[in-house]
Each structure stands twice: as structure tokens, then as C-alpha cells.
Participant: 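Please read through the structure below; I'll follow up with questions.
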Amino acid sequence: MEVWIKSLEVEMQVKQKGIELEVRSKDGKEQLGDCYATMTGLVWCQGRTKKENGVKVKWEEFIAICASDEALKAAVKAAKAV
């Protein structure tokens with residue numbers, strides 16, 4: 001996978017607009033989506049979904065998902081089952 005910073009609007013800390021990461025396929029030809037890291041959490045936008053329509057994850061939720069390998073594996077398994 002290729003990940004690019006499309007917009008870097010930060011000083012010392014991440015602000016409300018945050019950092020926009022463009023995620024592409026391994027060959028770089030297909031845009032898989034964008035991930036925004038903001039001061040309140042992460043927003044995943046599949047394909048060309050707009051930021052306001054993306055899936056929002058609060059930092060506390062992200063930390064809980066990534067707290068252990070087991071928690072991460074369970075979250076990924078649940079996501080793939082949908």
C-alpha cells in the first residue's frame with residue numbers, strides 16, 4: 001500500500017482540520033480512501049467519500065482497538081464479517 005500526506009496543516013499539535021493521508025493500492029493506481037487524523041480522532045473515507053460522510057473513530061476507541069494484539073485481531077475479524 002502507498003500512503004501519502006495530501007495536506008499537512010499542523011503546527012506543533014494536530015488541529016481541527018488535521019492531517020489528510022491518501023491511501024492507495026500497492027501499485028499506486030487505485031485510491032482506496034483517505035484517512036484524516038484530527039485532534040478528536042480518526043476519520044476513514046472509503047474511496048472518494050467526503051470527510052463529513054466518513055467513519056469517525058474517537059481516539060479512546062482507537063486506543064481500545066489497538067490496546068493488544070488480541071483486541072486488534074477481534075476488531076479486524078468483526079469488521080471483515082460485516
Side-chain angles (χ1 to χ4, degrees):
M1 235 173 266
E2 290 186 9
V3 179
W4 295 81
I5 296 175
K6 290 174 56 175
S7 176
L8 186 60
E9 300 175 21
V10 296
E11 293 175 8
M12 289 298 287
Q13 62 183 171
V14 176
K15 301 291 183 180
Q16 281 184 307
K17 285 189 176 183
I19 300 169
E20 182 178 358
L21 302 171
E22 181 178 289
V23 182
R24 295 189 157 270
S25 59
K26 288 182 182 181
D27 62 6
K29 292 182 180 179
E30 181 184 0
Q31 181 181 0
L32 303 176
D34 294 316
C35 183
Y36 297 87
T38 69
M39 58 194 259
T40 58
L42 299 170
V43 181
W44 171 248
C45 300
Q46 184 83 24
R48 302 225 180 249
T49 304
K50 293 185 178 184
K51 184 177 179 183
E52 54 271 9
N53 298 325
V55 177
K56 296 164 185 67
V57 179
K58 294 179 183 177
W59 284 115
E60 295 82 6
E61 296 167 337
F62 178 74
I63 291 166
I65 291 168
C66 297
S68 68
D69 287 335
E70 294 80 20
L72 180 59
K73 288 177 186 176
V76 171
K77 183 177 178 180
K80 288 182 178 182
V82 173

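Please read all numbers here as calculations on a predicted model, not as lab measurements.
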Participant: Kindly compute the distance separating CD1 (Ile19) from CG (Asp34), expressed to the nearest 0.5 Å.
Facilitator: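 Rounded to the nearest 0.5 Å, the CD1-CG separation comes out at 13.5 Å.
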Participant: Which pair of heavy atoms, one from Cys45 and one from Lys51, lies closest together, and at what distance?
Facilitator: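 The pair with the smallest heavy-atom distance is SG-CA, 3.6 Å.
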Participant: Distance from Leu21 atom CG to Tyr36 atom OH, nearest 0.5 Å?
Facilitator: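 Result: 10.0 Å between the selected atoms.
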Participant: Tell me the closest heavy-atom pair linking Ala71 and Ala64, and the distance in Å.
Facilitator: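 Of all heavy-atom pairs spanning Ala71 and Ala64, the closest is CB-O, 3.8 Å.
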Participant: Quick one: list whatever passes side chain to side chain contact (heavy atoms under 4.5 Å, CB included) with Lys56, sequence neighbours left out.
Facilitator: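 Expected list: Val43.
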Participant: Identify, with sequence neighbours excluded, every residue that meets side chain to side chain contact (heavy atoms under 4.5 Å, CB included) alongside Val23.
Facilitator: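 For Val23, the residues satisfying side chain to side chain contact (heavy atoms under 4.5 Å, CB included) (neighbours in sequence not counted) are Met1, Val3, Leu32, Trp44.
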Participant: What is the distance from atom CG of Asp27 to atom CD of Glu2, rounded to the nearest 0.5 Å?
Facilitator: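 One gets 7.5 Å once the value is rounded to the nearest 0.5 Å.
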Participant: Looking at Leu72 and Cys66, what are the two nearest heavy atoms and their distance?
Facilitator: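 So the minimum-distance heavy-atom pair works out to CD1-SG, 4.5 Å.
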Participant: Drop me the distance from Glu20's CD to Thr38's OG1, to the nearest 0.5 angstrom.
Facilitator: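 Glu20 CD to Thr38 OG1: 12.5 Å, rounded to 0.5 Å.
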Participant: Report the distance from atom OG1 of Thr40 to atom CD of Glu60, rounding to the nearest 0.5 Å.
Facilitator: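 Rounded to the nearest 0.5 Å, the OG1-CD separation comes out at 9.5 Å.
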Participant: Return the minimal non-hydrogen interatomic distance between Ala75 and Ile65, and the atom names on each side.
Facilitator: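 Nearest pair, atom of Ala75 first, then Ile65: CB-CG2, 3.7 Å.
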